[in-house]
Every structure is written in structure tokens, then in C-alpha cells.
There are 2 protein chains.
Amino acid sequence: MSQSASLLDRLRARQWRITPQRRTVAEVLHGDHVHLSADEVFAAARRRLPEISLATVYNTLNELVAMGEVSEVRAGAGVTRYDPNVHIRHHHLVCTGCGAIFDVRPEGITGLRLTGPDRHGYSVDEIDVVFRGRCPSCAPSPPARSLA
Amino acid sequence: MSQSASLLDRLRARQWRITPQRRTVAEVLHGDHVHLSADEVFAAARRRLPEISLATVYNTLNELVAMGEVSEVRAGAGVTRYDPNVHIRHHHLVCTGCGAIFDVRPEGITGLRLTGPDRHGYSVDEIDVVFRGRCPSCAPSPPARSLA
DNA sequence: TTCCATGCAAAGTGTTTGCAATAAT
DNA sequence: ATTATTGCAAACACTTTGCATGGAA
């Protein structure tokens, strides 16, 4: 269930320059079911290290993503969240009401693939699957947008 | 291959108030493999109707999405594209190099589902699948981000 | 004639960047 | 001592909004 080494340990192993700010961000991102937005990471980090700046949080998150230690999850329009669980292959279940996210390991995922013509000559590196629906709290069904 | 009725026809059927601006946006969005950003829609619309404003393009796109006649495709960081092909179920193949998008109908998609515990009590309304890779032009492989 | 859509420009988001001061190795 | 990181604030890209004008039905 848990990662073999903490994010921080993995960063040390990479000989990444550890600063109080980077360490704090890494600590905030510790866990298997964490999906925080940059602002949330900033808020949480600030509680432990009041002088940290938002720019540093963004810089750090971008570096973690570039290193492949954290992945970005696009939950919806303009909503980017950061997921430190990059070691266990998984996908996401997103609530269209409140934005809550769960990691999931769907059935049938192994059969997914693009056949010849549909590959369009691409080399496929990854497959992102996002299940969208309503969580128990936002229950009923979509807020029935009125239209036309 | 083609939609039974054009987007514009569908809008008329909905008794949507047709203005030159809305008609132009609908015309720009005509087709099965169209994935334009708001800016691109604006640029194309402007060629036909120079006095159209970007705000109107955004308003119109948002209304089309709310009506369910166009869907938003989140290709990557901050890139929202609009896809008028909402009648034929399909997914997307995105090039991580140039951002090119293709509609695809992957094999094995029907077996995809969340079993009990993984459903977390959600009612699942849709499943988005995005294949990411490199198109023939951006060929090789990822630009190998340097790190640590 | 009534009501709604438009255009404009200003205001909002969320994110990135330049640069001098500062800290990690 | 060297070199990279930080914080700040300004700059950015994208999107939304308020309001008076103009156009669709």
C-alpha cells in the first residue's frame, strides 16, 4: 500500500539540493492518496514554514514533475492537482461536484490499446483514464444545467 | 463518419437565438476532427466576421459546452480545446511534443469499469481516456528532461 | 417592442519570471 | 567559496464580467 521510500528519501537519493522549502513541500506531499492544488500545497507548507513563498512552491512542484517524482492531475478546467503516488500504476475518479479525487485501479485497463490506423503513427507513452461522476455527498446527479 | 446534422442545424433545432457571431463560431467548429483552442476559434471566426470579439467567442463556447453540443478537451497544462464531435463516442490521442490531437476509438474500452470498492460510492457518468505519445513529426521520444 | 447578445475594457485567475539577497554544499 | 535557490513583485496567459449599445425575434 505504501511507497517503499518516502518522497523525501527519493529526493535525497537523487542528490537533489535539499532546502527547508523543498523539504517542506516534499513532506506536505507525503502519502498515497494526496491530490493537492498548488495553493493547497502552499497553504499547508506555510503552516510549517511561514516564510515560504508561492513562487518557490510552484518552482518546486514543477521540478518534482519534471523529475517524475510527482504527477499532475488535471481534474477539470484550470484545476491542476499534484499526485506524489507515481510508483503504483493507477488512474483517477473525480467528483464533478466537489472535485474530490480518488486513486483507482480499474478493471479491464490492460486490454486498452490503439490499433493500427488509430495509432496514427504515434508512439504511445502513457494512458490516462479519468472516471467522472458524483460522490456520495454531491450525490443525486449533475446540477441539470438549463439550456437553449 | 459525419454527423447527421451540422452543429448549426442542431442549434437551430434547439431554437437557440442565432446571431452572426454565434453562427460563425458554429461554422468554425464544423467537422469531426476539430480541436481548436478559444484563441484559434477567435482567429478563424475573425477571418469571416472581423468585428467579432473574443469575449463573445468565450461566451458562445461556454454556452455550447453547457448545452452539451461541444465538449472541452484538456490536452495538457492550461490548454483547453473545443471538440464539436459529441455524437460519436471517442477518446483522444495527444502528442506531447506539438499538442496535435486525434480522435480515437480504442480497443478494449468496453471492459473498463470500476468495481465495488474502487467506485467509492460514486455514480460514474463518463470515462475520459487520453493516450499520450509522440506523433511522427515529433517522433523520437520525449525530450529527455534533465533533472536533479 | 422587448429582451437578449455584443463589444469593449477592466478585473480576475492561476502560473511564470527577473533579479538581488541568501543559503546549501 | 561557489553555485543554486529563495522571495518579492512585476509580468503573463487565459478567461470572466459589467455595462451601455445594438440587433434578433
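Lettering follows sequence order; numbering is per chain, from 1.
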T24(B): which of L49(B), V57(B), T60(B), L8(B) passes side-chain contact (heavy atoms from CB on, under 4.5 Å): L49(B)
[atom1] of [X] versus [atom2] of [N]: gap in Å, rounded?
| X | N | atom1 | atom2 | value |
| --- | --- | --- | --- | --- |
| Q15(B) | dA25(D) | CD | C1' | 12 Å |
| L61(B) | dA5(C) | CG | P | 15 Å |
| R74(A) | dT15(C) | CZ | P | 10 Å |
| L11(B) | dA24(D) | CG | P | 16 Å |

Residue-phosphate contact under 4.0 Å: [X] side-chain N/O, [N] OP1/OP2:
| X | N | value |
| --- | --- | --- |
| N62(A) | dT15(C) | no |
| Q21(B) | dG23(D) | no |
| T60(B) | dA5(C) | no |

Do any N or O atoms from the side chain of [X] and from the backbone of [Y] form a donor-acceptor pair under 3.5 angstrom?
| X | Y | answer |
| --- | --- | --- |
| R47(A) | F42(A) | no |
| R132(A) | D128(B) | no |
| R14(A) | M67(A) | yes |

Footprint string (nucleotides 19-25 of chain C, 5' to 3'): B base within contact, S backbone only, - free, heavy atoms under 4.0 Å: -----BS
Divergence of helical axes at both termini of the helix from dG12(C)-dC14(D) to dT25(C)-dA1(D) - five pairs an end, 10° steps: 30°
Donor + acceptor pair across side chains of T56(B), N59(B) (<3.5 Å): no
Residues that R119(A) engages under side-chain contact (heavy atoms from CB on, under 4.5 Å), provided they are two or more places apart: L114(A)
Residues which pass side-chain contact (heavy atoms from CB on, under 4.5 Å) with D83(B), listed by chain and number, not counting sequence neighbours: H35(B), S71(B), V73(B), N85(B), H90(B), H92(B), D103(B)
Contacting residues from residues 36-54 of chain A, given that a heavy atom lies under 4.0 angstrom of DNA chain D: E51(A), I52(A), S53(A)
Hey, what are the protein-to-nucleotides 17-20 of chain D N/O distances that come in under 3.5 Å?
none

Evaluation steps, salt bridge (Lys or Arg N to Asp or Glu O under 4.0 Å), between R81(A) and E72(A): CA-CA 6 Å; R81(A) 293 182 169 276; E72(A) 294 180 293; over 6 Å; no
Separation between NE2 of H91(A) and CG of D118(B), rounded to the nearest 0.5 Å: 11.0 Å
Reported CZ-to-CZ distance for the pair R23(A) and R48(A), which is rounded to 0.5 angstrom: 8.5 Å
Residues R134(A), D125(B); criterion salt bridge (Lys or Arg N to Asp or Glu O under 4.0 Å); working and verdict: CA-CA 8 Å; R134(A) 311 285 291 190; D125(B) 299 317; 5.8 Å; no
side-chain contact (heavy atoms from CB on, under 4.5 Å) assessment of E51(B) paired with Q21(B): CA-CA 9 Å; E51(B) 43 288 316; Q21(B) 292 82 346; 5.8 Å; no
Taking every non-hydrogen atom, the tightest pair across C135(B) and C95(B): N-SG, 3.3 Å
